[in-house]
Amino acid sequence: MYTAHVMDLGGLPDHELMLLVKAYRDPSAAPGRSPDDSEPAAVAEAAFAELIRRHQGPLLNYFRRMGAHMDEAEDLVQETFLRVFGYRSRYEPVSKFTSFLYVLARHARADALRRAARSPEPRTDAVESAQGASPGSRGSHLDVQAALDRLSETLRPAVVLSVFQGLSYQEIADVLGIPLGTVKSRIHAGMKQLREMLDD
Amino acid sequence: MTEPERPCPFEESASAWALEALSGEELARFEAHIASCERCRSEAEAMRGLVRRMRELPAEAPRRDLAGAILQAVRAGSSEELFLDERVRHLRSPKRILALCIGAAAAACLLAALAVWRYPGRAEREPAAAGASPREVEQAVRWLLSAQEPTGEWDAEKWGGQENYTVGLTGLAVLALVGDARGLDRPRAQAVARAVRYLVSRQGPGGRIGPATGGVLYNHGIATVALLEVYGATRDGALRPVIDRALAHMTLAQNEAGGWGYGVDPGERPNTAVTTWQVHALLLAGSLGWEEAGRFAERGLAWLRSMLDAEGTIGYRAPRDFPYGEDALAAMAGFLLLASSPEERAAPARAETGDAALARLAETIRRSASRGRGELDYYRSYFLSYAIHAAAGGEAARLADALREPILRMQVRSGPHSGSWEPADRWSLAGGRVYATAMAALSLQADSRAPRLIGSIRSSRAAAAPGLRPGS
């Protein structure tokens, strides 16, 4: 049975997978459970694993474009999915799963930044990134990333979510909790700044 | 001399066009425009080139499949532990105000914004509304200023309340100091800035303001309303991310039925008192530009509406559930339900043809208010003082007088607590003197504050999609 469920899951859309995750009840936490209880839990885990596999790559790239180095980005992907699981009961399929995912990703990153601000350790990747940001070395990939790193925290999330993650403006408004018009102007302002930096 | 180039109204559409983010109609309009506007055409082409160049950045993949590690952590229960650990670390750290640099930065410019907002002098203030009690409110403000801790909070325990309500009481004190939002003198502006800094410092990683246990959503809801009121008066953009996070926590804590309980456990049964504060915050947020908040407010209003019975009373956890009496419940939910409905729907003349239950709710509120001298209850008085502005139409002024009189009698006139209110009602064991004083001062400011709040609520609902309005 479990295998059959797992085989079916790959064809399910995100929100249906998330509803299976939402239905998860820890079998070990329910005294007097029936032996069948472990099956829904296994299906929920399989659904969650499918969601992770679908979104871990795009999410990793989101954190990388937002300036995290590889280790940090992988940690943040894990942290975000743990939050998805922790908040599963609050998921409502009224908006896209990616909106839910990126809200939690944004929170995970904000918390990480807060913790990093408490830590005296320098972020070597950030230092390298800043060094690579010197104008004049046009054409390299580092240029684009370095220019992104120079965007403000106000503009960068909207630009990254649109250009790299492919979210619609409305989804970005949902994720960032800002009006649609603000999304439009932030993205345009961010793109203009990037052009100026890259055209220098 | 050449004229400076005026920005084209289509300018921002250039990047949306390059990102293929324009809707069908917008796309047609923009493409018709660039057929004749060389500047926008060239801007759009440049943006398309930029998008292409950016997307050439190679996509990366995790160095291993992360699903296994995440599932292992879930099985070990560490996803729930993660949040708990965060909360505990957050609460125990002695340097948390410094550590929360984002929050501190958010509050850093606030004093400047408040300084701009405050009136330069008393002479320029508008005259107080008829029936208002400016002297008593001023005395209350002076006591509140004297009772504030240097770190910005009003310490619940120190003034006879329960320690876990310090955040909520600080929110109430801020609301009382902000008052009718027409301006602040310097001491009040400084006190509000300190209090906001304190509230921001009590925001946890998930956006919750206040402790993780003990009236969680009371604290969170009131603190969020207070931050929104300050934001509404100052438009300080630094508060936006703080409020973003607070609203995110609030919406995540909303029960499936649309209400809120004391805590964030999804199994928690919603109640009218806690739900009222969250809906108030979301409606206020909706009026201040948080468009998504409106959707959650609508669900909250629908839940409150589900507590209304045909007799015009509101239940606490279910219709006709009145563990603490009927009056306060009808007033707290009634204020929001009536303020968020077009006035004529609840008019007495429409009891048969309009919304009969809502009209009866308005009648319940008018009856409660006209009784005036009931048992002392600052919480009930506060909500009634506001609800009559939504429920009583032309009778509001007369009923406001009836409500004001018993409150005025309880103000302390001399001694160390002069200006405060005696913590003598049934909720004072939890809220103490800060609660009593803030609620009484807010009640006395209802004549000027309530119309503003009702205006905000109506503008918030007007911005909501019509299809989402329950019962309207």
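Below, chains carry the letters A, B, ... as their sequence lines are ordered, and counting in each starts from 1.
- Contact tally against chain A (heavy-atom pairs below 4.5 Å) for R64(B), M47(B), R63(B), E11(B): the top residue is R63(B).
- Contacts between L176(A) and chain B at a heavy-atom distance below 4.5 Å involve the backbone alone (N, CA, C, O).
- In this structure, F10(B) has its ring center no closer than 6.0 Å to that of W17(B).
- Between chain B and the residues S185(A), S168(A), G190(A), the largest count of heavy-atom pairs under 4.5 Å involves S185(A).
- The most heavy-atom pairs under 4.5 Å with chain B, out of V103(A), T154(A), D174(A), come from D174(A).
- Of the two parts of E153(A), neither the backbone nor the side chain holds a non-hydrogen atom closer than 4.5 Å to a non-hydrogen atom of chain B.
- For E12(B), the parts lying near chain A are the backbone and the side chain together; criterion is any non-hydrogen pair under 4.5 Å.
- Counting heavy-atom pairs under 4.5 Å between each of K192(A), H107(A), E92(A) and chain B puts K192(A) at the top.
- Salt-bridge formation is detected for the pair R54(A)/E50(A): a Lys NZ or Arg NE/NH1/NH2 atom is positioned less than 4.0 Å from an Asp or Glu carboxylate oxygen.
- Per-residue counts of heavy-atom pairs under 4.5 Å with chain A were compared for A285(B), A59(B), A69(B); the largest is that of A59(B).
- The candidate from T251(B), L252(B), L50(B) with the greatest count of non-hydrogen atom pairs under 4.5 Å with chain A is L252(B).
- Annotation for E45(B): atom CD counts as buried by contact number, over 12 foreign heavy atoms lying within 6.0 Å.
- By the 4.0 Å N-to-carboxylate-O rule, R295(B) lies close enough to E292(B) to be salt-bridged with it.
- Residues meeting the salt bridge (charged side-chain N to carboxylate O under 4.0 Å, His left out) test with E171(A), sequence neighbours left out: K96(A).
- A pairwise comparison of heavy atoms in A21(B) and Y169(A) identifies CB-CE1, 3.4 Å as the closest pair.
- Ranked by non-hydrogen atom pairs under 4.5 Å with chain B, the options L60(A), T182(A), L59(A) are led by L60(A).
- Residue contact with chain B, scored on non-hydrogen atoms closer than 4.5 Å, is absent for Y62(A).
- Interface remark: S162(A) contributes backbone and side-chain atoms alike to the contact with chain B (heavy atom separation under 4.5 Å).
- Of the possible polar contacts, one joining the Q278(B) side chain to the V274(B) backbone as a donor-acceptor pair under 3.5 Å is found.
- Residues E256(B) and K22(A) are paired through a salt bridge, judged by an N-O separation under 4.0 Å between the basic side chain and the carboxylate.
- Neither the backbone nor the side chain of D75(A) comes within contact range of chain B, judged by heavy atoms closer than 4.5 Å.
- In terms of heavy-atom pairs under 4.5 Å with chain B, the best-connected choice from G166(A), P58(A), A173(A), P179(A) is P179(A).
- Under a 4.0 Å N-O distance rule, the pair E26(B)/R29(B) does not qualify as a salt bridge.
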